[in-house]
Amino acid sequence: MNTKDWLITDQGECQPRPAAREWDLIREYYYLHRFLTEILDLVERSKQESEQWDYLPQIRRLVRQLITNSYWVQTQYLEPCPQTGRAIMTLYDEIGYPLTIQNVSFAPGVSSPIHNHGTWGVVAVLKGQEKHRFWRPCNDAEFPSKIEPTGEKIFRTGEIISFTPNAIHSIEAIGEEPTVTFNLYGDSLPQSRFEFNPTTETAKTF
Ligand SMILES: [Fe+2]
């Protein structure tokens, strides 16, 4: 299994990050609810500390701890819908809950729109492989939503990809079998998540 960690920045750079060794992460009885409690504690602490506090390394480590120890999380997913080629299984939610936790399945060849998330995110590839393309804003005064590609990379089972809130990417499931990813996102502000159209150089909220 691949155990690499990555960071995608607001400028569309894909940077390798040190990953915890799996054998340092073995825990007995590490359930989803324990993971969520640890994530919420981290997010709460981040609000009390400076804006600059970088919580993504700790969150990546906890996500790796979760996928290393939780067979349940590894096996909760739906087959992609025959019409759309996608399926989303929400692993936990309630009204006002400040995290999004989903296992997402993509059939081979299915791709996402170009988008940001408006909040931090950590994605772990549980099955298959997917190609990400990265983009950065052009900072064009006339076309504020103009973006340009900065690169692409294939992520395989076991890799963890983290995103800063304005990182822009698009995804394509590649290979022979459906791709399954574990997705964790923070709370996004209204009007902060965009789908970009590089042809018209516009963006719309989603
Ligand atoms: Fe995304």
Side-chain angles (χ1 to χ4, degrees), residues 1-10 15-78 86-106 115-128 130 155-167 169 171 179-190 192-193 206:
M1 179 133 88
N2 250 301
T3 54
K4 290 189 181 134
D5 283 7
W6 302 90
L7 174 69
I8 317 303
T9 71
D10 284 3
Q15 304 171 347
R17 282 288 180 263
R21 295 176 305 178
E22 277 188 312
W23 53 85
D24 289 336
L25 299 175
I26 305 291
R27 298 282 183 280
E28 246 185 308
Y29 313 118
Y30 195 64
Y31 301 116
L32 179 68
H33 67 86
R34 295 207 161 145
F35 164 81
L36 293 175
T37 301
E38 290 188 294
I39 295 287
L40 288 176
D41 286 349
L42 264 179
V43 171
E44 203 48 48
R45 214 180 314 149
S46 78
K47 288 186 195 151
Q48 293 155 13
E49 297 187 17
S50 85
E51 282 283 297
Q52 299 304 313
W53 187 61
D54 182 8
Y55 38 75
L56 279 172
Q58 288 96 317
I59 295 176
R60 283 196 302 266
R61 182 185 171 92
L62 290 173
V63 168
R64 190 165 291 291
Q65 182 163 296
L66 179 70
I67 65 168
T68 300
N69 292 288
S70 176
Y71 178 73
W72 183 83
V73 166
Q74 291 270 3
T75 51
Q76 298 305 299
Y77 58 87
L78 300 166
R86 299 146 208 247
I88 295 177
M89 178 181 274
T90 296
L91 297 179
Y92 186 79
D93 199 14
E94 57 184 271
I95 292 171
Y97 198 66
L99 302 172
T100 300
I101 310 109
Q102 299 169 332
N103 278 356
V104 177
S105 318
F106 268 32
H115 62 278
N116 71 345
H117 288 275
T119 180
W120 58 266
V122 176
V123 171
V125 183
L126 301 180
K127 277 167 94 68
E130 57 182 28
F155 297 105
R156 297 186 167 82
T157 305
E159 289 187 271
I160 288 181
I161 314 126
S162 57
F163 301 91
T164 55
N166 295 311
H169 72 152
I171 299 158
T179 306
V180 179
T181 51
F182 169 84
N183 294 250
L184 171 70
Y185 302 103
D187 222 357
S188 56
L189 296 168
S192 65
R193 297 198 308 158
F206 77 105

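Residue numbers start at 1 and run along the sequence shown. Predicted model, so just to flag it, every value in this text is computed and none were measured.
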*Asks:* Does atom CZ of Phe206 have more than 12 heavy-atom neighbours, drawn from other residues, nucleotides or ligands, at distances under 6.0 Å?
*Replies:* yes

*Asks:* Just so I know, are the side chains of Leu91 and Trp72 near enough to count as touching, which here means a heavy-atom distance under 4.5 Å?
*Replies:* yes

*Asks:* Report the C-alpha separation of Asn69 and Phe35 in whole Å, then their side-chain angles, then the decisive distance to 0.1 Å, and conclude whether the side-chain contact (heavy atoms from CB on, under 4.5 Å) test is met.
*Replies:* CA-CA 11 Å; Asn69 292 288; Phe35 164 81; over 6 Å; no

*Asks:* Could you report the tightest heavy-atom contact between Ala167 and Asp10, atom names first, then the distance?
*Replies:* N-OD1, 3.3 Å

*Asks:* Nearest 0.5 angstrom please: Leu42 CG to Gln58 CD, how far?
*Replies:* 5.5 Å

*Asks:* Determine, stepwise, if the pair Asp41 / Val43 fulfils side-chain contact (heavy atoms from CB on, under 4.5 Å).
*Replies:* CA-CA 6 Å; Asp41 286 349; Val43 171; over 6 Å; no

*Asks:* Do Tyr77 and Met89 have side-chain heavy atoms sitting under 4.5 Å apart?
*Replies:* no

*Asks:* Enter the distance from His169:NE2 to His115:NE2 here, rounded to the nearest 0.5 Å.
*Replies:* 3.0 Å

*Asks:* Looking at CZ of Phe155 and CD1 of Ile161, how far apart are the two atoms once the value is rounded to the nearest 0.5 Å?
*Replies:* 4.5 Å

*Asks:* Find the distance between CZ (Arg64) and CG (Leu25) and round it off to the nearest 0.5 Å.
*Replies:* 7.5 Å

*Asks:* Any heavy-atom pair between the side chains of Gln65 and Arg34 that's under 4.5 Å?
*Replies:* no

*Asks:* Hey, are the side chains of Arg86 and Val104 touching, using non-hydrogen atoms and a 4.5 Å cut-off?
*Replies:* no

*Asks:* Can you tell me if Glu159 and Trp6 form a side-chain donor-acceptor pair at under 3.5 Å?
*Replies:* yes

*Asks:* Heavy atoms only: give me the nearest Ser162-Arg60 pair and the separation to one decimal.
*Replies:* OG-NH1, 3.0 Å

*Asks:* For the residue pair Gln15 and Arg17, confirm or rule out a side-chain donor-acceptor distance under 3.5 Å.
*Replies:* yes

*Asks:* Measure across Val73 and Leu126 and return the closest heavy-atom pair with its distance rounded to 0.1 Å.
*Replies:* O-CD1, 3.9 Å

*Asks:* So, does Arg156 use its side chain to make a donor-acceptor pair with the main chain of Lys127 at under 3.5 Å?
*Replies:* no

*Asks:* I'd like to know if the side chain of Asn103 and the backbone of Thr90 have a donor-acceptor N/O pair within less than 3.5 Å.
*Replies:* no

*Asks:* Any side-chain heavy atom of Thr181 sitting closer than 4.5 Å to one from Phe106?
*Replies:* no

*Asks:* Considering all heavy atoms of both residues, which atom of Arg193 and which atom of Ser188 are nearest to each other, and what is their separation?
*Replies:* CD-OG, 3.8 Å

*Asks:* So, do Leu7 and Thr9 sit near enough that their side-chain heavy atoms are less than 4.5 Å apart?
*Replies:* yes

*Asks:* Would Val122 and Ile160 satisfy side-chain contact (heavy atoms from CB on, under 4.5 Å), going step by step from the backbone distance to the final call?
*Replies:* CA-CA 7 Å; Val122 176; Ile160 288 181; 3.6 Å; yes

*Asks:* For Val180 and Ser105, which heavy atoms make the closest approach, and how far apart are they?
*Replies:* CG2-OG, 4.1 Å

*Asks:* Measure from the side-chain N and O atoms of Asn183 to the backbone N and O of Val123, and report whether any donor-acceptor pair falls under 3.5 Å.
*Replies:* no

*Asks:* Using every non-hydrogen atom in the two residues, find where Pro98 and Leu40 come nearest and quote the distance to one decimal.
*Replies:* CG-CD2, 3.7 Å

*Asks:* Between His33 and Tyr31, how do the two ring planes meet: parallel, tilted or perpendicular, split at 30° and 60°?
*Replies:* parallel

*Asks:* Walk me through it: do Phe163 and Leu56 pass the test side-chain contact (heavy atoms from CB on, under 4.5 Å)?
*Replies:* CA-CA 8 Å; Phe163 301 91; Leu56 279 172; over 6 Å; no

*Asks:* Quick one, Trp120 and Thr164 - any side-chain contact, counting heavy atoms below 4.5 Å?
*Replies:* no

*Asks:* Rounded at 0.5 Å granularity, tell me how far CG in Leu62 sits from CD1 in Ile67.
*Replies:* 12.0 Å

*Asks:* Determine whether Thr68 and Arg27 make a side-chain contact, defined as any pair of heavy atoms from C-beta on separated by less than 4.5 Å.
*Replies:* no

*Asks:* Going by atom types alone, do Tyr30 and Glu38 pair a side-chain donor with an acceptor below 3.5 Å?
*Replies:* yes

*Asks:* Looking only at atom types and distance, does a side-chain atom of Asn116 sit under 3.5 Å from a main-chain N or O of Ser192, one as donor and one as acceptor?
*Replies:* yes

*Asks:* Mind checking the CG-OG1 spacing from Asp187 to Thr100? Nearest 0.5 Å is all I need.
*Replies:* 7.5 Å

